[in-house]
Peer 1: 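Following this message is one structure expressed as structure tokens.
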Amino acid sequence: MDVNYQSISVRQDIEVCTITLAQPERGNTISRTLVEELGRALDVAQAAGAKIVVLQGSPEVFCLGADFQGIQRDLASGQPLRDHVPEPMYELWQRLAHGPLVSVAHVRGKVNAGGVGFVAACDVVICDETAVFTLSEMLFGLIPACVMPFLVRRIGAARANYLTLSTQALPARQAEQWGLVDACDANSEALLRKHLMRLRRLGKPAIANYKQFAAELDGRSQAARALALRTNLAAFSDPVNLGHISRYVATGHFPWEAVG
């Protein structure tokens with residue numbers, strides 16, 4: 001097992017690999033390092049014979065989306081955005097959605113923007129009652145383009161559209177009613193263990209065959225890939241939007257708020 005991770009911690013038994021996003025002080029935001037390490041952890045888990053991967057954050061925060069701090073560092077250096085990695089991130093979500101492992105999101109606390117993408121890409125979503133889901137992208141002039149194919153697959157176009165435009169928080173119980181969450185309980189650890197007991201009974205060939213079938217049956221994420229990436233890159237190339245991000249990092253103020 002490769003233990004040289006900076007942004008995640010990994011625990012694996014014979015069948016289940018548990019990956020914990022391990023930078024809660026940074027909101028477990030999506031950086032190049034995080035995406036690369038998650039991909040490597042999936043490779044190691046698969047090679048070690050796992051058939052289930054559990055993705056979780058801390059009790060307070062699952063994932064808050066794009067790493068605005070990293071984007072601001074890139075902007076300040078005058079270099080192209082290194083820490084904004086939509087294509088590898090999208091590929092990672094496709095692996096969770098369609099790869100040969102059962103992917104389980106164990107969600108507690110805050111989930112925002114690309115964090116919702118991780119949740120929506122997983123096969124099974126377990127959360128506790130503290131979980132809150134938001135799409136904040138449009139507040140900064142951005143678009144949740146890469147999130148949408150996976151989110152629409154889970155909750156449908158109308159509700160995905162509402163979350164995008166309203167930017168309002170979706171509490172855990174409502175997320176369960178909408179289908180973003182499969183099961184919710186005050187004790188999510190016990191709920192997770194209960195689900196893993198059932199999932200362990202599935203055979204690896206059946207899992208791989210089913211996931212391949214489901215990918216071909218739906219086809220949404222692959223069909224939308226080029227459009228999603230193109231739209232994402234255009235939004236993150238707009239100097240006005242980048243100015244909103246820089247201002248937020250520097251002051252904590254949203255674009256419509258006065259500073260001072």
Side-chain angles (χ1 to χ4, degrees), residues 1-2 8 10-21 34-56 62-63 86-107 114-127 146-157 159-160 175-176 178-184 188 190-229:
M1 175 68 69
D2 185 346
I8 62 175
V10 179
R11 184 179 76 251
Q12 183 165 336
D13 63 23
I14 295 174
E15 297 177 319
V16 181
C17 175
T18 300
I19 303 174
T20 302
L21 309 182
L34 177 68
V35 171
E36 291 175 351
E37 290 186 347
L38 285 171
R40 194 181 345 146
L42 289 178
D43 290 339
V44 172
Q46 216 168 313
K51 56 186 180 183
I52 304 160
V53 59
V54 177
L55 181 65
Q56 63 182 8
F62 179 78
C63 173
E87 187 167 2
M89 178 187 69
Y90 199 89
E91 290 175 357
L92 181 63
W93 292 350
Q94 287 187 300
R95 287 187 70 178
L96 293 172
H98 305 308
L101 304 178
V102 177
S103 54
V104 180
H106 177 213
V107 184
V116 176
F118 273 112
V119 171
C122 285
D123 298 313
V124 178
V125 180
I126 308 296
C127 80
C146 291
V147 174
M148 289 298 279
F150 301 93
L151 186 60
V152 168
R153 182 183 70 138
R154 272 233 159 227
I155 66 174
R159 284 174 168 165
E176 184 181 26
W178 282 20
L180 179 57
V181 168
D182 294 304
C184 176
S188 62
L191 191 60
L192 176 63
R193 288 195 296 271
K194 179 180 177 181
H195 279 75
L196 290 179
M197 285 178 61
R198 301 287 304 185
L199 292 171
R200 286 175 186 270
R201 297 175 182 174
L202 304 179
K204 288 178 66 177
I207 293 170
N209 290 337
Y210 169 71
K211 293 285 295 278
Q212 179 63 34
F213 165 76
E216 294 181 16
L217 183 66
D218 179 64
R220 192 187 316 270
S221 67
Q222 187 58 36
R225 176 190 171 99
L227 174 62
L229 292 173

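For reference, positions follow the sequence shown, starting with 1.
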Peer 1: Between G39 and L92, which heavy-atom pair has the shortest distance, and what is it?
Peer 2: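 Closest pair (atom of G39, atom of L92, distance): N-CD1, 4.0 Å.
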Peer 1: Where do F62 and G115 come nearest, in terms of heavy atoms and distance?
Peer 2: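 Nearest heavy atoms, F62 then G115: CE2-O, 3.8 Å.
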Peer 1: For the CG atom of L227 and the CE atom of M148, what is their distance to the nearest 0.5 Å?
Peer 2: 11.0 Å
Peer 1: Rounded at 0.5 Å granularity, tell me how far CD1 in I19 sits from CG in L38.
Peer 2: 5.5 Å
Peer 1: For the pair R154 and R159, evaluate side chain to side chain contact (heavy atoms under 4.5 Å, CB included) and give the outcome as yes or no after the intermediate values.
Peer 2: CA-CA 10 Å; R154 272 233 159 227; R159 284 174 168 165; over 6 Å; no
Peer 1: Do the non-hydrogen side-chain atoms of V116 and L151 ever get within less than 4.5 Å of each other?
Peer 2: yes
Peer 1: With rounding to the nearest 0.5 Å, note down the distance linking CD1 in I8 to CD in Q56.
Peer 2: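 Nearest 0.5 Å value for the CD1-CD distance: 12.0 Å.
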Peer 1: Which atoms form the tightest heavy-atom contact between P100 and Q46, and what is the distance?
Peer 2: CG-NE2, 3.3 Å
Peer 1: Tabulate below the donor-acceptor pairs under 3.5 Å that side-chain atoms of residues 194-209 make, not counting sequence neighbours, or state none.
Peer 2:
from, atom 1, to, atom 2, distance (Å)
H195, ND1, L191, O, 2.9
R200, NH1, E15, OE1, 3.3
R200, NH2, D13, OD2, 2.9
N209, ND2, P205, O, 3.2

Peer 1: Do R11 and V54 make a side-chain contact, defined as non-hydrogen atoms from C-beta onward lying under 4.5 Å apart?
Peer 2: no
Peer 1: For F150 and Q94, what are the C-alpha separation, side-chain angles and deciding distance, and is it a side chain to side chain contact (heavy atoms under 4.5 Å, CB included)?
Peer 2: CA-CA 9 Å; F150 301 93; Q94 287 187 300; 3.9 Å; yes
Peer 1: In the structure I gave you, are the side-chain heavy atoms of H106 and T18 within less than 4.5 Å of one another anywhere?
Peer 2: no
Peer 1: Where do Y210 and D123 land on the side chain to side chain contact (heavy atoms under 4.5 Å, CB included) test, with the steps shown first?
Peer 2: CA-CA 11 Å; Y210 169 71; D123 298 313; 6.0 Å; no
Peer 1: Return the minimal non-hydrogen interatomic distance between L21 and C63, and the atom names on each side.
Peer 2: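 In this case the closest contact between L21 and C63 is CD1-CB, 4.0 Å.
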Peer 1: Identify the residue among L55, V124, D182 that makes a side chain to side chain contact (heavy atoms under 4.5 Å, CB included) with V104.
Peer 2: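 One option only clears the test, and that one is V124.
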Peer 1: Please assess S188 against C127 for the test side chain to side chain contact (heavy atoms under 4.5 Å, CB included), listing each intermediate value before the final yes or no.
Peer 2: CA-CA 6 Å; S188 62; C127 80; 6.0 Å; no
Peer 1: Quick check: are there more than 12 heavy atoms from other residues, nucleotides or ligands sitting under 6.0 Å from CG of L217?
Peer 2: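 Check passes, neighbour count above 12.
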Peer 1: On a heavy-atom basis, which atom in S103 and which in C122 lie closest, and how many Å separate them?
Peer 2: OG-CA, 3.3 Å
Peer 1: Are the side chain of K211 and the backbone of L101 linked by a donor-acceptor contact shorter than 3.5 Å?
Peer 2: yes
Peer 1: Identify the heavy atoms of C146 and Y90 that sit nearest to each other, and give their distance.
Peer 2: O-CE1, 3.6 Å
Peer 1: Does any non-hydrogen side-chain atom of V119 lie less than 4.5 Å from one of V107?
Peer 2: yes
